[in-house]
Amino acid sequence: MTKTSSMASHLSDQKPDIQAEIKGASKPLWRKLLPVAVLIIGLVIAWASGALDLLSFDTLRENRDLLQGFVADNPVSSVLFFMGLYVVSVALSLPIGSILTITGGFLFGSFLATSYIVIGATLGATIVYLAARYAFYDLMRAKAGNAVRKMEEGFAENAFSYLMVLRLIPIFPFWLVNLVPALLGVKLRSFVLGTMIGIIPGTFVYASIGDGLGALFDQGKTPDLGIIFEPRILTPIIGLAVLALLPVVYKKLRQGKSGADKHE
């Protein structure tokens with residue numbers, strides 16, 4: 001292949017990326033920032049309205065019969081309302097995930113609540129991911145240096161495994177793990193699957209706490225939100241995280257062996 005044809009092939013490979021960057025750059029900045037602005041405004045309204053103060057164990061205890069009666073009389077609408085509330089809470093990055101999950105277990109039982117919450121949380125997280133990607137991804141790529149691009153390539157290559165680990169072990173805030181993959185170019189499919197599967201264990205733990213919340217109320221107690229960090233709970237979850245990383249480790253070892261063979 002001649003130098004000219006090689007250069008033409010290289011430019012051809014880059015053409016979709018160049019066209020995408022030109023297309024993204026042509027959009028007005030206010031339009032790109034609008035989805036993020038809507039989420040921020042919603043967050044400010046939620047805090048200013050005092051709505052977050054309504055969701056507490058005291059509120060659940062005082063309205064226990066009313067809430068359980070509403071769920072019994074309105075099985076479909078109560079589920080839809082709860083899932084919608086969960087979507088909004090995650091999309092606005094409200095710090096009520098733990099107590100909202102426990103509330104779900106209290107109202108619907110551990111297994112049903114886990115399924116409702118996983119769907120609602122995944123939808124809410126996807127909204128944040130799409131808003132951040134639409135607003136900031138092109139700008140970040142334009143400003144990113146080689147180190148950032150290499151990190152992006154490395155993360156995207158094993159996105160599902162990394163997301164599983166980040167979702168399984170709550171090292172970083174949930175909202176942060178919604179944002180970073182969007183800025184590192186993780187594909188939507190990997191983000192959705194990694195989020196949906198990765199949050200199941202932790203969700204089930206808190207939903208199970210909620211399932212026994214009535215007994216705690218009868219004893220005048222409230223649940224311990226730090227239970228997920230107890231060794232008997234956290235150890236199996238860490239085990240799942242290690243399993244999620246095995247494909248990455250295997251790939252790295254294989255690449256290292258392949259590179260060593262080439263140098264022989």
Side-chain angles (χ1 to χ4, degrees), residues 29-64 66-67 70-71 77-108 113-114 116-137 139-140 163 166-167 169-183 191-192 195-196 198-199 202-203 205-207 209-210 213 216-217 222-229:
L29 182 59
W30 69 267
R31 181 184 294 180
K32 299 184 71 172
L33 295 178
L34 183 60
V36 175
V38 170
L39 295 180
I40 293 175
I41 291 172
L43 175 62
V44 172
I45 292 175
W47 277 104
S49 66
L52 301 184
D53 298 332
L54 298 177
L55 189 61
S56 66
F57 291 124
D58 290 336
T59 303
L60 289 177
R61 183 186 291 109
E62 294 169 2
N63 298 276
R64 175 179 179 178
L66 178 64
L67 290 171
F70 178 80
V71 171
S77 58
S78 60
V79 169
L80 293 176
F81 177 80
F82 176 76
M83 290 178 65
L85 180 61
Y86 216 103
V87 171
V88 171
S89 70
V90 174
L92 298 182
S93 302
L94 301 177
I96 56 175
S98 298
I99 190 170
L100 197 57
T101 301
I102 291 174
T103 301
F106 176 63
L107 296 176
F108 305 106
T114 297
Y116 302 152
I117 292 164
V118 166
I119 294 172
T122 302
L123 289 174
T126 303
I127 290 172
V128 178
Y129 164 91
L130 292 175
R133 186 176 178 86
Y134 182 75
F136 302 119
Y137 181 65
L139 178 62
M140 198 199 79
L163 274 170
L166 291 173
R167 294 303 191 188
I169 305 177
I171 302 173
F172 301 104
F174 194 82
W175 61 267
L176 184 61
V177 184
N178 295 337
L179 290 174
V180 173
L183 301 180
F191 177 83
V192 171
T195 297
M196 182 174 288
I199 64 176
T203 299
V205 170
Y206 280 114
I209 295 172
L213 193 58
L216 288 177
F217 284 163
T222 55
D224 178 15
L225 296 183
I227 190 174
I228 198 168
F229 294 103

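What you see below is based on every heavy atom in this structure, not just the backbone, and it leaves out hydrogens, waters and symmetry mates. Just so you know, these numbers come straight off a predicted model, no measurement behind them.
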Quick one: which of Thr59, Leu54, Leu60, Leu52 gives a side-chain contact (heavy atoms from CB on, under 4.5 Å) with Ser56?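 Single pass found, and it is Thr59.
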Residue pairs involving residues 118-131 (criterion side chain to side chain donor-acceptor pair (under 3.5 Å); sequence neighbours excluded):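 Sorted pair list comes back empty.
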Provide the full list of side chain to side chain donor-acceptor pair (under 3.5 Å) pairs with a residue in residues 80-102, sequence neighbours left out, each pair given once. Tyr86-Thr101
Would you give the length of the straight line joining atom [atom1] of [X] to atom [atom2] of [Y], rounded to the nearest 0.5 angstrom?
| X | Y | atom1 | atom2 | value |
| --- | --- | --- | --- | --- |
| Leu92 | Ile41 | CG | CD1 | 11.0 Å |
| Ile119 | Ile199 | CD1 | CD1 | 10.0 Å |
| Leu67 | Arg61 | CG | CZ | 13.0 Å |

Could I get the full list of side-chain contact (heavy atoms from CB on, under 4.5 Å) partners for [X], not counting sequence neighbours?
| X | answer |
| --- | --- |
| Ala131 | Pro35, Val36, Leu39 |
| Leu176 | Phe172, Pro173, Val180 |
| Ile99 | Leu55, Phe57, Ile96, Thr103 |

Partner set under side chain to side chain donor-acceptor pair (under 3.5 Å) for [X], not counting sequence neighbours:
| X | value |
| --- | --- |
| Asp53 | none |
| Thr222 | none |
| Ser77 | none |

How close do [X] and [Y] get, heavy atom to heavy atom, and via which atoms?
| X | Y | answer |
| --- | --- | --- |
| Ala91 | Ile127 | CB-CG2, 4.1 Å |
| Phe82 | Gly104 | CZ-CA, 3.5 Å |
| Ile209 | Pro223 | CG2-CB, 3.4 Å |
| Val90 | Gly124 | CG1-C, 3.6 Å |
| Arg64 | Phe217 | NH1-CB, 3.8 Å |
| Ala182 | Ala132 | CB-CB, 4.0 Å |

Side-chain donor/acceptor of Thr203 to backbone N/O of Val118, under 3.5 Å: no
Taking only residues two or more places apart in sequence or in another chain, which ones pass ring pair (Phe, Tyr, Trp, His ring centres under 6.0 Å) with Tyr116? Phe108
Could you check if a side-chain atom of [X] sits within less than 4.5 angstrom of a side-chain atom of [Y], using non-hydrogen atoms only?
| X | Y | answer |
| --- | --- | --- |
| Phe136 | Leu33 | yes |
| Leu66 | Phe70 | no |
| Ser78 | Leu107 | no |

Check step by step if side-chain contact (heavy atoms from CB on, under 4.5 Å) holds for Leu94 and Leu100. CA-CA 10 Å; Leu94 301 177; Leu100 197 57; over 6 Å; no
